[in-house]
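This report concerns only the one structure given below.
Each residue takes its place number in the sequence, starting with 1.
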Amino acid sequence: MKKYRAGKIKREHSVIEHLWPVLEQIAVCEHVTSIIPGPIRPLGTQGFEVTFQRFTETGLRLLAKNGTAVQEVYIVAPDRQAALEWLAAEGIVEWKPRREDEPARRRDAPEPLQTVTLPSDMPCAVCGRAMRAGTRAAVLGRKRHVYAHVRCARK
């Protein structure tokens, strides 16, 4: 056994209360190659829960929360989808597969700002204050470019 490993579980960081038995339960899954608990951050919540956050290049990212802390848990799995389905079937995480006919829900995120470095001094199109040459400015408009402070463009 390697120095910082307990089977499939890496022991580089300490683990929040109630998480170790869950990690041992996940280690039983044949889809899981490795489990890497991340650093612990303080948090004020009630109860213990493990939630699926997102897929990573090598597997899954889970968040484990107890009443006082939150800890990231990375699961290395060649078949990420099968590992997530197994975790849901075991009741470790709550996750429901999206139906084929159900459209993907996306938040209406604002379009990212296009920014440029100003070649010369000019006024901000939003607030009217001067913008100096060499500063970053947001490009407003499509055909005729108008420039504004990035903070003004985000309002």
Side-chain angles (χ1 to χ4, degrees), residues 1-118 126 134-143 145-155:
M1 182 168 71
K2 295 181 182 173
K3 184 177 178 183
Y4 294 108
R5 288 220 172 251
K8 294 181 182 180
I9 305 169
K10 189 171 183 181
R11 297 195 74 165
E12 188 173 336
H13 297 285
S14 58
V15 177
I16 63 175
E17 190 178 356
H18 306 298
L19 181 59
W20 191 256
V22 175
L23 297 181
E24 289 176 336
Q25 185 180 1
I26 295 171
V28 174
C29 177
E30 69 272 2
H31 302 292
V32 174
T33 306
S34 180
I35 302 168
I36 306 163
I40 299 171
R41 293 187 313 264
L43 178 74
T45 62
Q46 297 293 319
F48 177 79
E49 68 175 346
V50 178
T51 57
F52 167 71
Q53 291 297 303
R54 62 181 168 86
F55 288 112
T56 63
E57 286 183 25
T58 58
L60 316 156
R61 178 180 175 228
L62 308 177
L63 275 187
K65 299 175 187 177
N66 68 6
T68 59
V70 62
Q71 183 167 21
E72 296 174 357
V73 178
Y74 292 93
I75 307 292
V76 178
D79 188 352
R80 303 177 304 181
Q81 189 66 37
L84 179 58
E85 289 172 3
W86 184 88
L87 290 169
E90 291 291 312
I92 296 171
V93 298
E94 283 194 33
W95 174 80
K96 295 178 186 172
R98 197 173 72 230
R99 295 191 328 234
E100 294 296 322
D101 60 338
E102 183 179 315
R105 284 182 268 157
R106 296 192 78 173
R107 295 181 187 155
D108 293 331
E111 192 173 305
L113 293 175
Q114 179 184 358
T115 60
V116 296
T117 302
L118 292 176
V126 176
T135 59
R136 301 294 295 170
V139 178
L140 304 177
R142 299 220 185 262
K143 291 186 180 180
H145 292 299
V146 179
Y147 302 99
H149 293 105
V150 174
R151 67 178 178 269
C152 293
R154 287 194 176 131
K155 291 182 184 177

Is any side-chain heavy atom of Leu87 closer than 4.5 Å to one of Phe52?
no

Ignoring hydrogens, what is the shortest heavy-atom contact between Asn66 and Phe48? Give both atom names and the distance.
CB-CD1, 4.0 Å

Ala27 backbone acceptor or donor facing Lys8 side chain under 3.5 Å:
yes

Are Ile16 and Val70 close enough that some pair of their side-chain heavy atoms sits under 4.5 Å apart?
no

How about Val73 and Val22: do any of their side-chain heavy atoms sit closer than 4.5 Å?
no

Is any side-chain heavy atom of Ile9 closer than 4.5 Å to a side-chain heavy atom of Glu24?
yes

How long is the span from the CD atom in Gln81 to the CZ atom in Phe55, to the nearest 0.5 Å?
4.5 Å

Do Leu140 and Tyr147 make a side-chain contact, defined as non-hydrogen atoms from C-beta onward lying under 4.5 Å apart?
no

Would you say that Val32 contacts Trp86 through its side chain, given a criterion of any heavy-atom pair below 4.5 Å between the two side chains?
no

How long is the gap from OG1 on Thr58 to CD1 on Ile75, to the nearest 0.5 Å?
10.0 Å

So, using salt bridge (charged side-chain N to carboxylate O under 4.0 Å, His left out) as the criterion, who are the partners of Arg41 when residues are at least two apart?
Glu72

Going from OG1 on Thr51 to CG on Leu63, what distance comes out if it is rounded to the nearest 0.5 angstrom?
4.5 Å

Student check: side-chain heavy atoms of Leu60 and Val76 closer than 4.5 Å:
no

Min side-chain heavy-atom separation Leu23-Val15 under 4.5 Å
yes

Nearest 0.5 angstrom please: Arg54 CZ to Arg80 CZ, how far?
10.5 Å

Mind running side chain to side chain contact (heavy atoms under 4.5 Å, CB included) on Thr135 and Thr117 for me, showing each step along the way?
CA-CA 5 Å; Thr135 59; Thr117 302; over 6 Å; no

Hey, what do you get for OG (Ser14) to CD (Gln71), rounding to the nearest 0.5 Å?
6.5 Å

Quick one about Thr115 and Arg136 (side-chain donor to acceptor, distance below 3.5 Å, no hydrogens or angles considered), yes or no?
yes

Rounded to the nearest 0.5 Å, what separation is found between the CG atom of Leu118 and the NE2 atom of His149?
8.5 Å

When every non-hydrogen atom of Ala64 is compared with those of Leu19, the smallest separation belongs to CB-CD1, 3.6 Å

